[in-house]
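Right, one structure below, let's go through it.
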Amino acid sequence: MLRDKYCAEVKEEEVGKEIKLCGWVFRRRDHGGLIFVDLRDRSGIMQIVFSPEISKETHEKAHELRTEYVISIIGTLRRRPEGTENPEIPTGNLELYAKELEILSQSKPLPFQIDETEEISELLRLKHRYLDLRRPQMQQNFLVRHRATMAIRNFLNDNGFLEIETPMLTKSTPEGARDFLVPSRLNPGTFYALPQSPQLFKQILMMSGFDRYFQIVRCFRDEDLRADRQPEFTQIDMEMSFIEIQDIIDVIEEMLFNCFKKVLDIELSIPFKKLTYDEAINKYGSDKPDLRFGLEIEDVTALVKRSQFKIFLETIEKGGVVKAITGKGFASFSRGEIDKLVQKAQSFGAKGLAWIKIKNGFESPILKFFSEELIKEIAQKIKAEEGDMILFIADELKKANEILGKLRLDIANTSKIERKGFQFAWIIDFPLFEWDDEEKRFVSMHHPFTSPKEEDLDTLLNISPEAFKNPLSPLKEIKAKAYDIVLNGYELGGGSIRIHRADVQEKIFKVLGLVEEETKKRFGFFIEALKYGAPPHGGIALGLDRLVMLMTGADSLRDVIAFPKTQKAYCPLSEAPSEIDTKQLKELHIKLDV
RNA sequence: GGGGUGGUAGUUCAGCACGGUUAGAACGCUUGCCUGUCACGCAAGAGGCCGCGGGUUCAAGUCCCGUCCACCCCGCCA
């Protein structure tokens, strides 16, 4: 070993001993006479002192040191002289008096300082990711990521789960996200797809009798990126046999409890809250509500019926609703600020935004249409108080919820409502299907292998083909044995009890409008497998990156993925994707058309 | 595909509304001084295709059009 230990592992008991340390020059303070260097490794910092009284030669050499040089030091550990301790760092009572200095590696002047005093553009950080990752905050993020992963892996191992790998070169499937494709050289004109998830394979593992499977696995989706979406990401993928929804919920709650306890020493309160999909949508306007604050959306249709406001009455007449939310502290808004708010609502799809200020009485352009009594009742319903503003959206139910859901998050941001802690929730009772207006057919809300709820099974099996094309058919009422887990407004994961009957599975494909031939081509192997004794089974997948992002308080997935991509799915470090040789293209029988 | 914000020394930013001398600051870098600093201090210095292309103008970092890149959001995506 080139060193005895990590910088921050040096303890006071070793004062007087000779110690060898290695690391990077974090900061140097050259006084001419004395030179101080903060030596950094992944554990922390140790102050090195170069004094001509210890070694003239070493002191001389230390003048050459620059930021991020990699050095090795042999020196004597000393307690710092009284009054010169640094309480800011864990090793602040100690320092190493350098006898010998070896420069192991030099560094050019840095493209940016790595001392976290200013925010550096992400492009530059990613281009020099090796420097960015040296920053203590990033080191911390990846320590948390490692610990969380290990806690989860150990937990699952302790609970009888087998980690089994599934193929990366697999088959493209319709439905769901766009695939990343890989051309097959040995089979000209054909392509593998990188997995969007190991869905079919993990189900087949259940049919293979493994009973409890997990995998911490990379998944790929070729869709547009967001702060919480990368083209490749890691899932904690699980599947279990002979279980019901509650069994999965129990395992995951215990797993997360264990993970938060071990990594952050936080005791989550389990069981987590359960909300039905309908409740979530109606109260929070989202199927991934942020439950760290209230500001619930309320239906005030019945109340505003008593008003004279035409727009509301007409909307209700047409079967729509009027829903309201509190603009916390918004009564102080100027006319201009209100205009901006209205514009924002419109950008969320609202036709308009009606408002009533509660400020020494009420203030609103539509005040004359409401009795004072009525406004008070509405205010009470949405818990609006003096200083707040009542915000109304009148529209069809789905749109009203959606718009108010977005406004709710926006209000929380602008009024700086405190959002702390980790608020988990399960969203259950999802619809099995969702009408796709573009394709004029039903699509799976979760995925096509999701089991309907028992009580809806007959409806599904007996439904006639005409219903497949009718957005109002009973199909839209069928509920799925699907569940999402939500944390602080992020969808952390989702899963379902799967279909283990070939007839049910085939019926689903029919509803989805997949012709038999197509089904056979795409999923034939899977349906065939279902016919040889498939156990009832179900599972879930959690986004590891998102989990770690929330655990570390990072605001982007990019801060918890070592080598992430930009919004255009570009890697500034390796410069992927890139053009390739014509020779390679020829081997693959691919001609470009760009 | 659409909307928004940004792009000026190595870095983070100011300058742009109202076009006009030699484009500034801080940090970093270089050199010198400094024996208890810890974001050390002091002094001097180097460092700019004002993202790129076009246009308007006597004159463009500043105005207009286009384009590229980064970030945030919608669509898309579990």
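Convention: sequence-line order gives letters A, B, ...; per-chain numbering from 1. Quick note: numbers below take in every heavy atom, side chains included, and nothing from hydrogens, waters or symmetry partners.
- For residues 216-229 of chain A, proximity to RNA chain B is found at A:Arg221, A:Glu223, A:Asp224, A:Arg226, A:Ala227, A:Arg229, defined as any non-hydrogen atom under 4.0 angstrom from a strand atom.
- Comparing B:G36, B:C71, B:A78 by their closest approach to the side chain of A:Tyr97 singles out B:G36.
- At whole-Å resolution of the value, CG in A:Asp115 and P in B:C38 are 15 Å apart.
- B:G2 and B:U8 have their P atoms separated by 25 Å, given to the nearest Å.
- Between A:His31 and B:U37, no base-stacking contact is recorded for ring centres under 5.5 Å apart and planes less than 30° from parallel.
- Judged purely by atom type and a 3.5 angstrom limit, A:Thr58 has no side-chain atom pairing as donor or acceptor with the backbone of A:Ser55.
- Comparing the P positions of B:U5 and B:C65 gives an interatomic distance of 13 Å, to the nearest angstrom.
- For A:Arg292, the side chain to side chain donor-acceptor pair (under 3.5 Å) partners are A:Asp290, not counting sequence neighbours.
- In this structure A:Gln137 satisfies the side chain to side chain donor-acceptor pair (under 3.5 Å) test together with A:Asn141, sequence neighbours excluded.
- In this model, the phosphate group of B:C76 is not approached by any side-chain N or O of A:Arg178 to a distance below 4.0 Å at OP1 or OP2.
- At least one side-chain nitrogen or oxygen of A:Arg29 sits closer than 4.0 Å to the OP1 or OP2 atom of B:C40.
- Applying the side-chain hydrogen bond (donor to acceptor under 3.5 Å, both in side chains) rule to pairs touching residues 402-412 of chain A yields A:Lys344-A:Asp410, sequence neighbours excluded.
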Under 3.5 Å between N/O atoms: give me all the protein pairs with nucleotides 31-33 of chain B, atom names plus distance.
unit_1	atom_1	unit_2	atom_2	d
B:U31	OP2	A:Arg66	NH2	3.3

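- Using a 30° and 60° split on the angle between ring planes, A:Phe333 and A:Phe330 fall in the parallel class, below 30°.
- To the nearest whole angstrom, the two P atoms, one in B:A9 and one in B:A23, are 14 Å apart.
- Here A:Lys568 reaches the OP1 or OP2 of B:C69: one of its side-chain N or O atoms lies under 4.0 Å away.
- A:Gln230 contributes a side-chain N or O that, together with a main-chain N or O of A:Lys565, makes up a donor-acceptor pair within less than 3.5 Å.
- Nearest to the side chain of A:Ser556, among B:C72, B:A78, B:C38, sits B:C72.
- Looking at heavy-atom distances under 4.0 Å, A:Ser197 makes no contact with the nucleic acid at all.
- What separates CD1 of A:Ile114 from C1' of B:C29 is a distance of 16 Å, to the nearest Å.
- Counting only distance, with no hydrogens or angles, the side chain of A:Glu223 and the backbone of A:Arg178 share a donor-acceptor pair below 3.5 Å.
- For the OP1/OP2 pair of B:A78 and a distance below 4.0 Å, the side-chain nitrogens and oxygens of A:Ser444 include no atom meeting the criterion.
- Not one side-chain nitrogen or oxygen of A:Gln47 sits closer than 4.0 Å to the OP1 or OP2 atom of B:U37.
- In this structure a side-chain-to-backbone donor-acceptor pair under 3.5 Å is missing from A:Asp237 to A:Ala541.
- Phosphate proximity of B:G3 to A:Ser347: absent, as no side-chain N or O sits under 4.0 Å from OP1 or OP2.
- Shown here are the side chain to side chain donor-acceptor pair (under 3.5 Å) partners of A:Arg419, two or more places apart in sequence or in another chain: A:Asn413.
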